[in-house]
Amino acid sequence: MTSLRERLGLRLPLVLAPMAGGVSTPALVAAVSEAGGLGSLGAAYLSPAEILKAGQEIRRQTARPWALNLFAPQEVRPVSGTQVTTALAELAPFHAELGLPAPGFSERPEPDFAEQLAAALSLRPAALSFTFGLLSAAQLAQVRAAGALAIGTATGVDEARALAAAGVDAVVVQGGAAGGHRGGWQHDELADTFALTRAVAQVVDLPLIAAGGLMTAGDVRSALDTGAELAQCGTAFLLADEAGTSAPYRAALAHGGETVLTRSFSGRPARGLKNAVTEGVQHPLPYPQQNALTRPMRTAAAQAGRAEFLSLWAGTGVGQVRPGPAPEVARALAGEG
Ligand SMILES: Cc1cc2nc3c(=O)[nH]c(=O)nc-3n(C[C@H](O)[C@H](O)[C@H](O)COP(=O)(O)O)c2cc1C
């Protein structure tokens, strides 16, 4: 079987984790691909037009392979009036501190997945990765017809099996240390990255990409030794020059601290640095409603430089994150630094 690394034409056994919300800029994606890894654009929050623009920007900066990442379509669960009142009340003090009008609830729809996928595939990325669930057989066929590899995300052995049965080309195995959203949709094992990779390798005959807490060349080496073909790193790139990480987010990362799993910002569990919102919001709406609800607060907080109201996604390895140009970070992770 041709290795995933060969199929993707990668010089380094490294994937830049897709980081939606503006962190994985076209410049960061292109820099990692140019260095020989697989840059990935986190496009989940982008409209189809924004996806096209970002993809064209990547194309201008590199002819190397890169990946595009989307969130698998989610069932939107209805919420009661009481749930909304409680969620609004929890956010009200933060809005007041930021000088924003009181929070309001609107059923603003997320970007349409079919349209996002069509835009993504028209860019002919080398791979289309996804998280939060499965794609349908028709959607996977669409990915394949566009010449892209389909890569799903699993947080446990059963999810990896389900992705393999659905017919993906490779699986991202996300350990509990990972920064950002949990990609699971069944039971999240929150497992050690190496142990989970080993367990999945025993039951799934597909190329694996290990993710979660991989901050050094030694970590990447260990991930490859446990059965992964590639290592996917997110947190390690958060302070890269080319990353879209905002100034207050960068300052908070450099300061470090404890990470927590929280549903406070989006309604889905995600790992990030503890702050006023992770501590103060205890009754979030489900995803995607909570994500929409907290958007005005997050936007205003980034502008005002107030990290205590921002989602500060980071993995447990955050204490080891260093600034620098992305190609240097990539080469260091691959043991060439
Ligand atoms: C800021 C941030 C945003 C993320 N956004 C996404 C995303 O849009 N799609 C996705 O599949 N994974 C996303 N992740 C998770 C990564 O794919 C990956 O699992 C994680 O970064 C690996 O752990 P590490 O951060 O310890 O390296 C994100 C992670 C971070 C830190």
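Each ligand, and each atom within it, is numbered from 1 in the order the structure gives.
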- Presence of salt bridge, K53 and E50, under 4.0 angstrom: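 The answer is no: the pair does not qualify as a salt bridge.
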- Please report the C-alpha distance between T299 and Q303 in whole Å, then the side-chain angles of each, then the deciding distance to 0.1 Å, and finally whether the side chain to side chain contact (heavy atoms under 4.5 Å, CB included) criterion is met. CA-CA 6 Å; T299 307; Q303 281 162 4; 4.0 Å; yes
- By side chain to side chain donor-acceptor pair (under 3.5 Å) - contacts of T25 (at least two apart):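 So T25 forms no side chain to side chain donor-acceptor pair (under 3.5 Å) with any residue.
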- Query: Does L163 reach the side chain of L134, with side-chain heavy atoms less than 4.5 Å apart?
  - Reply: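 Yes, their side chains come closer than 4.5 Å.
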What are the atom names and distances for all N or O pairs under 3.5 Å between ligand 1 and the protein?
unit_1	atom_1	unit_2	atom_2	d
ligand 1	5 (N)	P18	O	3.2
ligand 1	5 (N)	A20	N	3.4
ligand 1	8 (O)	A20	N	3.1
ligand 1	9 (N)	N69	OD1	2.8
ligand 1	11 (O)	N69	ND2	3.2
ligand 1	17 (O)	Q232	NE2	3.0
ligand 1	19 (O)	Q174	NE2	3.0
ligand 1	23 (O)	G179	N	3.4
ligand 1	23 (O)	G212	N	3.4
ligand 1	25 (O)	G179	N	3.2
ligand 1	25 (O)	T235	N	3.0
ligand 1	25 (O)	T235	OG1	2.5
ligand 1	26 (O)	G213	N	2.7
ligand 1	27 (O)	G234	N	2.9
ligand 1	27 (O)	T235	N	3.4

- Message: Angle between ring planes, F94 versus F309, binned at 30° and 60°: parallel, tilted or perpendicular?
- Response: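 Aromatic pair F94/F309 classed tilted.
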- Query: Say you draw a straight line from CG of L38 to OG of S33; how long is it, rounded to the nearest 0.5 Å?
  - Reply: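 One gets 5.5 Å once the value is rounded to the nearest 0.5 Å.
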